[in-house]
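The sequence lines fix the lettering, A, B, ..., with proteins before strands; numbering per chain opens at 1. In this text, all values refer to a predicted model and were calculated from it rather than measured experimentally.
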Amino acid sequence: MILARSWNQLVSRIRAARPLAGLGIRVIDSASGALVSAEPSTGFEHPWKLSVRWQEEAWRVFVRPGFVNGQDVTISMAEGEVPLTKTERPWLTPAWRNPLASAGMMATLSGELVTLPGEGYPPFFKQLGVRDPARDSREVAPFDPTASERNREIRACDIVLVTPRIATRTELELSDALTAGQMVTSLRAFVNDYARNAPAKYRLISVPKWKPAPEPTPLDRLLGQDVEPQTDEIKVATLWMVSPPQPPDGQEAIPDGTWVAYPQYDVFWNLAHAPRNPPPANPADPIRVNFGGIGLGYADLLGNAMLAPVNDAFAAAARFLDKTTFKGEFWTV
Amino acid sequence: MDLSLFVRPGQRITAALWNKLVAAYRGARILAGDGITLRQTPDGTLISCSVWRPWNHPFKVTLSGTSATVSKGLINGIEPTIKDVPIGGTEKAPPPKLQFKTPKLDKEGRGWIAVEIVCEQEKWTIESATIVQIDTLETDDPASARHPLAMIREQLSGSLGLFQIEYFNLQHGASVRESGAARHFFWPA
């Protein structure tokens with residue numbers, strides 16, 4: 001005969017013997033046992049891994065060496081550009097943005113002033129107790145019983161890899177109306193000011209918020225107003241900083257040694273980079289007429305003036321179709 | 001866990017209930033997964049976690065003094081060689097070592113362990129792939145190209161530091177111009 005109490009004690013013992021997942025541990029329950037594994041991410045030393053330290057009253061971001069085309073990447077320090085592979089590691093000093101703050105104000109056509117919503121953050125940080133970002137003032141906030149309990153602040157910055165490139169822009173040449181019939185010639189100009197003066201070929205920088213530099217649109221090319229950026233850039237990581245509950249400075253708080261860093265990576269592996277590098281396109285010559293000096297050359301002038309609209313349209317089409325660009329691409333190796 | 005295993009006084013211990021208990025006991029056993037070692041003792045099971053685990057990926061470079069070994073990796077399915085022996089070794093020969101008495105370093109103290117390929121110039125397929133220690137990744141011959149596997153850099157102490165660059169098997173393709181110049185591209189396979 002088994003006493004219910006003894007049986008239940010046995011069940012409780014078995015229950016208490018079950019392994020539960022702690023920090024860095026994963027447990028998969030199965031019929032034949034509980035598989036305990038170390039989290040794969042634990043200790044994974046990939047290129048570009050950030051190490052964030054509070055040193056000398058400031059946050060410093062150290063980066064595990066990553067490579068582009070097998071070359072060193074540098075960080076600007078007081079002594080110049082320092083490679084990530086150097087024994088004395090360089091560091092980035094982050095400049096923070098506040099993802100909770102409103103993006104600003106906007107006036108509607110009806111004259112109403114609207115507060116724009118904040119950038120926000122990944123849902124993971126809500127679980128940590130970070131307060132909600134600013135909402136669009138026209139929105140009604142949904143009921144959230146946890147909102148009043150969440151009072152941590154969050155700040156962020158982006159770590160970006162920058163490499164110079166040759167840019168192109170359109171230059172228009174307008175010939176004299178009296179002598180050449182006001183013909184338009186479209187020329188492709190190559191700009192390498194930054195490529196010549198860049199402090200290093202591959203650099204890491206820290207910016208509060210990174211946005212890809214806008215490339216010229218087809219309309220810009222059509223109008224001859226295209227100006228390309230002189231750098232190729234890729235975001236390596238976003239560094240999120242979470243405050244302790246109820247930081248003393250509230251919404252104005254700046255990350256100090258009591259905050260906790262959470263890197264979010266966009267790139268895990270070393271990179272290759274190559275510009276498209278097409279051959280420079282020769283400008284198309286405008287269509288001209290040559291009547292061999294008939295009418296003291298006035299026939300040529302008249303003919304060229306009549307052809308001017310055709311040449312204008314031809315030049316615009318050539319600008320539109322001419323995809324000459326040195327824009328580069330990054331890929332992992 | 002199934003809470004119906006708990007019983008009230010007077011409840012019968014049926015075969016079904018007994019089997020449930022056996023299943024619960026079996027399910028509570030601890031099995032060692034990745035990075036975990038278990039040691040059974042009379043007082044319980046000691047669970048240890050090995051945080052750092054070596055990852056034996058393709059083209060992993062190991063430096064030992066002035067020689068290097070490269071674990072097996074493939075480019076377009078071809079295994080590179082050191083002194084005509086495939087880097088992974090053969091049945092008769094162990095994995096070869098790349099010997100360099102004095103490492104070739106550039107003026108900044110950097111060098112590379114790289115794979116150097118030579119292509120035939122009709123279909124631009126790889127003719128040969130060898131592991132080299134070099135101080136530049138550039139080549140003069142358009143039919144050949146070097147892809148870095150690891151960087152070696154002179155440290156303040158005078159020793160050589162190793163930085164792994166490549167972690168995967170590779171694909172190669174060449175973009176050839178009319179002039180005969182070629183751009184060589186490598187990407188993970």
Contacting region of B:Gln155 [heavy-atom separation from chain A under 4.5 Å]: both
Report yes if the distance between the aromatic ring centroids of B:Phe59 and B:Phe168 is under 6.0 Å, otherwise no. no
Could you tell me which of A:Asn69, A:Leu35, A:Thr85 has the largest number of non-hydrogen atom pairs under 4.5 Å with chain B? A:Thr85
Centroid separation under 6.0 Å, is that true for the rings of B:Trp55 and B:Tyr167? yes
Interface moiety of B:Arg153 toward chain A, non-hydrogen atoms closer than 4.5 Å: side chain
What part of B:Leu17 lies closer than 4.5 angstrom to a heavy atom of chain A: side chain, backbone, both or neither? both
Polar side-chain atom of B:Glu154 near backbone of B:Arg110 as donor-acceptor pair, under 3.5 Å: no
Just give me the residue among A:Thr332, A:Leu3, A:Asp72 that pairs up with chain B most often, heavy atom to heavy atom, under 4.5 Å. A:Asp72
Given a strict heavy-atom distance threshold of 4.5 Å, which part of B:Trp187 is in contact with chain A: side chain, backbone, both, or neither? both
Are any of the side-chain heavy atoms of A:Leu161 and A:Glu233 separated by less than 4.5 Å? no
With only heavy atoms counted, which part of B:Ile30 is less than 4.5 Å from chain A, the side chain, the backbone, both or neither? both
What about A:Trp240 and A:Phe125, are their ring centers closer than 6.0 Å? yes
Can you establish whether the number of heavy atoms outside A:Arg196 located under 6.0 Å from its atom CZ is more than 12? yes
Please flag which part of A:Arg64 lies under 4.5 Å from any non-hydrogen atom of chain B: side chain, backbone, both or neither. side chain
Please confirm whether the ring centroid of A:Phe67 lies under 6.0 Å from the ring centroid of A:Tyr202. no
Heavy-atom cut-off 4.5 Å, strictly under: side chain, backbone, both or neither for B:Leu137 against chain A? side chain
Heavy-atom pairs under 4.5 Å with chain A: which of B:Gln171, B:Glu166, B:Arg8 has the most? B:Glu166
